[in-house]
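Per chain, numbering begins at 1; letters A, B, ... match sequence-line order.
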Amino acid sequence: MRTRFAPSPTGPLHFGSVRTALFAWLAARSTGGQFILRIEDTDQGRYLEDTEALIMETLLWLGLSWDEGPEVGGPHGPYIQSMRTDLYREHAGLLEARGAAYWCTCTPERLAEMREQQRAARMPTRYDRRCLSRQDDVRKERAAGAPAVLRQLMPPGRTAWDDVIHGEISFDNADIDDQVLLKSDGFPTYHLAVVIDDHLMQVSHVIRSDEWIPSTPKHLTLYSALDWTPPRFAHVPPVLGEDRQKLSKRHGARNVLEYGELGYLATAVDNAMALLGWSSGTEDEVFTLAQLVERFSLARVHDSAAVFDQKRLDSLNGQHIRRLSTEELVELLEFWLPGTSKETRRKLVPLLQERMVVMRDAGTLASPLLGDAPWDDDVVFPPRKVDAATAIALLDATCAEVSGAGLEDITALRERLTAFLDARGVKARDGFRVLYIAVLGRAQGVPVFDAMAFIGAEKSMQRLRAARARLEL
RNA sequence: GCCCGCAUCGUCUAGCGGUCAGGACACCACCCUUUCAAGGUGGUAACCGGGGUUCGACUCCCCGUGCGGGUACCA
């Protein structure tokens, strides 16, 4: 199977567009085929500087490498449409010679007016083929330098195909417009370019977003006029935002790369995207990219739109973090806990791993251990169910224990302090909250005794005494 | 307006004529527990509506409704 992802460089990639890329990539990889990246920059007006680089960076971050495309090249290049204009013009000429396309000199103004009238008459809006019946005049106008476009001549009949996702879909050709193939600036439209490129690049399965369904008959007609065997089409449903609107740039859809900056693992993002419209058929849902390759099949891709759920991503990210080996996490943490040694991170991992939702959480969790533990002003101290006298006694007892027995055996330390609280009729869960606040500056976080062992006896006692001082005021 | 697609818990989904309609996220409760998490157990929660077809419809067909998309010299 040969698939491709063909984005236009009009902005960063969001969850919806990357999901389509993931499916195309997975389809190719899971069948031992090739994945092609092609940049569709035929619209000069919407082109946005630097987005090719952004697109490639995004795909690479997610682990979606391409076999053919920009940078890596390939046997069917170039893989940037603006560098293939000769190819498009050549085939456009062929189409014209075969009577499958004709020139049109209608002005945008006339076209707009025509559509307005059709709409007012409750008719479908389509080009009325005025120029088709006056081709001699059109030829003269073009010779005189009049701007013109090449239009596809939609033949009568019906066009149908067996969509991989949707099954049989068919259109009455009469409902389909004579699509512009070559714009007056000489550039091809998407419709011409996509057909030529997919064929020349030997794409076997066109996996693209649902929104292309209405133009597929145009493409199929082109394949037929060119005497080419069309590829299979797989139109994947859209990804919707919480507002049930299709994810789009103007709708605040986030640049996928931002998830990385927020501390999401690429593999978790891949996993979350795959689950939007695909399911394994088993009850397993947590997969790495490699595991997705093993299980993926286009046949199990859904045909209805999916609403993106951030909570689900969070959950998946936490699960992927927990599945990391200590060494893997130690590596990854280097970026999130700058300035720490590998040894330090190794000691931290057991305390952090099961508490992180995103990598960024490591910083929050570890900060009281790596630096100061600023007091959280919202915290109630002493905490509920513990009076000041008990809190002071506990703090003193802890200090005495630490200076005496040290922090070698925190299990024994905990047991002695539990007994201490017991004797005073205070539940350990309530009493120890005092220690959490004293040591971490807040009521929750990594386990206190581990925290004390980490920062050492000296610093621990300092914090315990500082907390005690607050109670005496 | 015209054309096309889609429709199961709040969300992602399993289901492919006969199921107590299953799982996950979220939510709630309990257990575990030095906090918070994690983990465990249990719970609340769904087949858009109406007609058919059939002994039997979530599953098939039709209509309606809703949502999404297309209707550009944008992709």
For [X] and [Y], test the side chains for any donor-to-acceptor distance below 3.5 angstrom and give the result as yes or no.
X	Y	answer
A:T10	A:S8	no
A:S315	A:Q319	yes
A:R254	A:H14	no

Whole angstrom is fine here: how far is it from [atom1] in [X] over to [atom2] in [N]?
X	N	atom1	atom2	value
A:D430	B:C36	CG	C1'	15 Å
A:K218	B:C74	NZ	P	12 Å
A:Q179	B:C73	CD	P	7 Å
A:I213	B:U71	CD1	P	13 Å
A:R312	B:C9	CZ	C1'	14 Å
A:N271	B:C12	CG	P	16 Å
A:E52	B:A75	CD	C1'	14 Å
A:Y190	B:G70	OH	C1'	13 Å

Write down the protein N/O and nucleotide N/O pairs, taken from nucleotides 66-69 of chain B, whose separation is under 3.5 Å; answer none if there are no such pairs.
unit_1	atom_1	unit_2	atom_2	d
B:G68	OP1	A:Q245	NE2	2.5

Mind checking if [X] touches a base, just sugar-phosphate, or nothing, with heavy atoms under 4.0 Å?
X	answer
A:R442	nothing
A:V448	base
A:E285	base
A:G277	sugar-phosphate
A:V180	sugar-phosphate
A:S304	sugar-phosphate
A:R300	sugar-phosphate
A:V286	nothing
A:T42	sugar-phosphate
A:R433	sugar-phosphate
A:A306	sugar-phosphate

Requested in this report: Evaluate the criterion side-chain hydrogen bond (donor to acceptor under 3.5 Å, both in side chains) for residue pair A:T364 and A:R355; output intermediate values, then yes/no.
Outcome: CA-CA 11 Å; A:T364 322; A:R355 274 167 257 265; over 6 Å; no
Could you pull out the protein-nucleic contacts involving nucleotides 38-42 of chain B (nitrogen or oxygen on both sides, under 3.5 Å)?
unit_1	atom_1	unit_2	atom_2	d
B:A38	O4'	A:E354	O	3.4
B:A38	O3'	A:R322	NH1	3.1
B:G39	OP1	A:R322	NH1	3.3

Query raised in the report: Start at the 5' end of RNA chain B and walk down; is the nucleotide closest to A:S315 or to A:R429 reached first?
Result: A:S315
Query raised in the report: When the nearest nucleotide of RNA chain B is assigned to A:P124 and to A:I410 on a heavy-atom basis, which residue is associated with the more 5' position?
Result: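 Its nearest nucleotide lies further toward 5', so the answer is A:P124.
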When both hydrogen-bonding distances must be under 3.5 Å and the geometry is Watson-Crick or G-U wobble, what is [N] paired with, if anything?
N	answer
B:A24	B:U11
B:C6	B:G66
B:G1	B:U71
B:U33	none
B:A38	none
B:U19	none
B:A45	none

Query raised in the report: Are A:R4 and A:E40 within salt-bridge range, i.e. N to O under 4.0 Å?
Result: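 No salt bridge links A:R4 with A:E40.
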Report task. Apply side-chain contact (heavy atoms from CB on, under 4.5 Å) to A:L352 and list each qualifying residue two or more places apart in sequence or on a separate chain. Result ->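 Scan of A:L352 (side-chain contact (heavy atoms from CB on, under 4.5 Å), adjacent residues dropped) gives A:L333, A:L337, A:L348, A:M356, A:A362, A:L365, A:A366, A:V446.
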**Report entry** ring pair (Phe, Tyr, Trp, His ring centres under 6.0 Å) partner of A:W212, chosen from A:Y190, A:F233, A:W161
**Finding:**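 It is A:Y190; the other options fail the test.
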Query raised in the report: Considering only heavy atoms, which members of residues 169-177 of chain A lie under 4.0 Å from some atom of RNA chain B?
Result: A:F171, A:D175
Taking only residues two or more places apart in sequence or in another chain, which ones pass side-chain hydrogen bond (donor to acceptor under 3.5 Å, both in side chains) with [X]?
X	value
A:W103	A:E96
A:S82	A:D41
A:D197	A:Q81, A:R84, A:Y88
A:R323	none

Non-neighbouring partners of [X] that pass ring-ring contact (aromatic ring centres under 6.0 Å, His included), sequence neighbours left out:
X	value
A:F308	A:F15
A:Y79	none
A:Y102	none

Contact list (N/O, under 3.5 angstrom) for nucleotides 20-22 of chain B vs protein:
unit_1	atom_1	unit_2	atom_2	d
B:G22	O2'	A:E283	OE2	3.1

Query - Selection from B:C6, B:C12, B:A75 that lies nearest to any side-chain heavy atom of A:D43 - result: B:A75
Query raised in the report: Within 45 degrees of the axis of the six-membered ring of A:F381 and under 6.0 Å from its centre: does A:R470 put its NZ or CZ there?
Result: no
Query raised in the report: Between B:U71 and A:T125, is there an OP1 or OP2 to side-chain N/O distance shorter than 4.0 Å?
Result: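 It does not, given that no N or O in the side chain of A:T125 lies less than 4.0 Å from OP1 or OP2 of B:U71.
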Query raised in the report: OP1 or OP2 of B:G10 sitting under 4.0 Å from any side-chain N/O of A:K311?
Result: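 No.
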Query raised in the report: When rounded to the nearest Å, what value does the distance between C1' atoms of B:G23 and B:G43 take?
Result: 16 Å
Requested in this report: Check whether any side-chain heavy atom of A:L37 sits under 4.5 Å from a side-chain heavy atom of A:M56, and report yes or no.
Outcome: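 They are in side-chain contact.
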